Protein chains: 2
Amino acid sequence: MAANRRPTLADVAREVGVSAKTVSRVLNEDGPASAQTREQVLAAVAKLGFQPNLMARNIRVGGPDTTIGLVIPDLANPFFGAVARAIEDTVRERGLTLLMGSSADDPDRERALTDKFLARRVSILIVVPSVGADHSHLKPHRATGLPVIFLDRPGVGLSTDSIVSSNRAGAHDGVAHLVAHGHRRIGFVGDLPTRLYTRRERLAGYRSALQEAGVPHDRSLIADAHDQQGAEAATARLLGLADPPTALFAGNNIMALGIVAELARTKRKDVAVVAFDDVSLAEALEPALTVVAQDAEALGRTAATTALARLDGDRSRARTTTVPTRLIVRGSGEQRPA
Amino acid sequence: MAANRRPTLADVAREVGVSAKTVSRVLNEDGPASAQTREQVLAAVAKLGFQPNLMARNIRVGGPDTTIGLVIPDLANPFFGAVARAIEDTVRERGLTLLMGSSADDPDRERALTDKFLARRVSILIVVPSVGADHSHLKPHRATGLPVIFLDRPGVGLSTDSIVSSNRAGAHDGVAHLVAHGHRRIGFVGDLPTRLYTRRERLAGYRSALQEAGVPHDRSLIADAHDQQGAEAATARLLGLADPPTALFAGNNIMALGIVAELARTKRKDVAVVAFDDVSLAEALEPALTVVAQDAEALGRTAATTALARLDGDRSRARTTTVPTRLIVRGSGEQRPA
DNA sequence: TTGTATGCGTTATCAC
DNA sequence: GTGATAACGCATACAA
């Protein structure tokens, strides 16, 4: 009932009648130890329920902690969930534990999280940079050997490894796919803020595909939204234009949800859609949703392996790894304009 | 370039020409300090980029660490992602950081995670128990005041707070809804293993609804699957029966994805469906998916607030909080049998 | 207002 | 084989 202290090495030592060091030796299989003491120590450990205090151990050993700090925009976004799982799967065998937090794409929250992680002496830092965040404060940490990886977007003010999707090429392919099916008025529903790297890159891919097709740029076909509800409204606005688009391109998975929901609500089946990033049930929609799929698993795994290589002493210069996207043709993107 | 040591209190003290304790005082706004030294210390801290080592601080202070350990089956499952976000949102203002891991519903992995978290002296432990896991090893920890919360399912071998959805009542309502629309042959597609608490409870709700309606139990209408692909196969099997079901009940979100995907693939629109747990794009399906929605946000928030109350000294006896589910009528559950 | 001694729980060093 | 002692980075207690 009482809030008793957790047992320490000294408690175990006292129980057995040996020194703390001996207990430490047995547990870490460090120096030699007689079978007898060995038995007794292990018995006492089990009896008292002793677990070595990892924080105390780490402070003594001095090295970085066996944790990996991960900052993502939103724990509930399935895309980042899949990325996080891939990272965890990759680092688990190394015994690293995940320290996670959502930045909500707010630079201040991102900074608060990275500061906390650094104060905990994480051995690796993986960050999905927020718009407006500056990462020069991480320079000294990188200089002392801390692997820092930017994920999904490049960071600002720090030269380090980045892992990104082929945003521009992927969006280009998706829009070119719509063009190939006869569309010339193609709406773009992107997330906010407009300065967001992925948004900018994907919009650039959208533009280049239209340019190649000789379609003049029409600013009124570009819409923005913060969330699914916003994307629904943006879709309604685009389709309400005097000269409305015959096709829509979704800038990310959340925008895709909004577009699809709005089209379903208004029973519009005549609008072609291609989405950047896959969503569940895409095949079950009518028409099924054509997407430019990102490889969340590869993004996470690559980020983790790159970081582990750095941890193992890889001192080569910072590099950006681009994970390819893949156009998955399912129906919605192959509809022709009326 | 070199792997320099991170600066310590002593480094800052040396830089300024004061004692370590003085630096500590300034940073923690502990005792008094002259404006002069204050300035100098802060300047040196900024110059050296000093960040107090949270682990060292914690080991000295003795209390639990400012982390909260969270074990969930799968980081990539949107349901648990939403739960995790709610927990994070609730504990953030208390300055707690999330230590997370996926158990993959494997008792050994769960144990490995909880052991790691305990070795890190987390101040709160929230666990989604795996099937077959025994939690009696957490007893001494709970006795020393560590708040332990079971989430989504009750744990075994430890009496402590649990937060669960109204699984049985929710499933009952969903199936009764199908019965009310004329169905008497209703298939159940549940996850595995069959011993899983949520699965058992939901199946019990299914059975009681059928019993109330006077429908005899038919074991051949119960199917199982591990994942979405399995659920698709299970759906195909059920619909291939000599006397097939006219309606299907999905035991969780993943099973729902499988059922919907399979029905879409085979263009079956005549089968009524109600799913336990909501999925994105449910409204955009044809017919839109009727669900028994869980309140992931409330589950996470309640788990967190319960844990925080314990941390603040709440010594009342362990209680189970049931978070209500809500039937959302959208179309698929209102179809009548042929 | 500031410094010294001491201790948190662990491991490294070196002696026995 | 085993143990005493110091040390990790910080905070508490007390003295100056």
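Values in this document were obtained by computation on a predicted structure and should not be read as measured data.
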Pairs meeting criterion ring-ring contact (aromatic ring centres under 6.0 Å, His included) with involvement of residues 32-80 of chain A, two or more places apart: none
Side chains of A:N28 and A:R57: does their closest heavy-atom pair fall under 4.5 Å? yes
For B:R319, enumerate each residue passing the salt bridge (Lys or Arg N to Asp or Glu O under 4.0 Å) test, keeping only those at least two apart in sequence or located in another chain. B:D314
Contact letters for nucleotides 9-16 of chain D, in which S counts primed atoms plus P, OP1 and OP2 and B counts the base, heavy atoms under 4.0 Å: BBBB----
For A:K116, check side chain to side chain contact (heavy atoms under 4.5 Å, CB included) against everything at least two apart and list the hits. B:T97
ring-ring contact (aromatic ring centres under 6.0 Å, His included) partners of B:H135, counting only residues at least two apart: B:F150
Terminal helix-axis angle for the helix from C:dT1-D:dA16 to C:dC16-D:dG1, with five pairs defining each axis and rounding to 10 degrees: 40°
5' precedence on DNA chain C between B:S19 and B:G62 (nearest-nucleotide basis): B:S19
Give me the first and last nucleotide of DNA chain C, going 5' to 3', that has any atom under 4.0 Å from a heavy atom of chain B. C:dT1 to C:dG9
Who passes side chain to side chain contact (heavy atoms under 4.5 Å, CB included) against B:T66, sequence neighbours left out? A:R120, B:L96
Applying side chain to side chain contact (heavy atoms under 4.5 Å, CB included), name anything that partners B:P140, two or more places apart in sequence or on another chain. none
Considering residues at least two apart in sequence or located in another chain, which fulfil the salt bridge (Lys or Arg N to Asp or Glu O under 4.0 Å) criterion with B:D134? none
Taking only side-chain nitrogens and oxygens of A:T22, does any of them come within less than 4.0 Å of OP1 or OP2 of D:dG1? no
Only pairs at least two apart or in different chains count here, so list each salt bridge (charged side-chain N to carboxylate O under 4.0 Å, His left out) that has a residue in residues 81-93 of chain B. A:D74-B:R85, B:D89-B:R92
Taking only residues two or more places apart in sequence, or in another chain, which ones meet A:R153 in a salt bridge (Lys or Arg N to Asp or Glu O under 4.0 Å)? A:D105
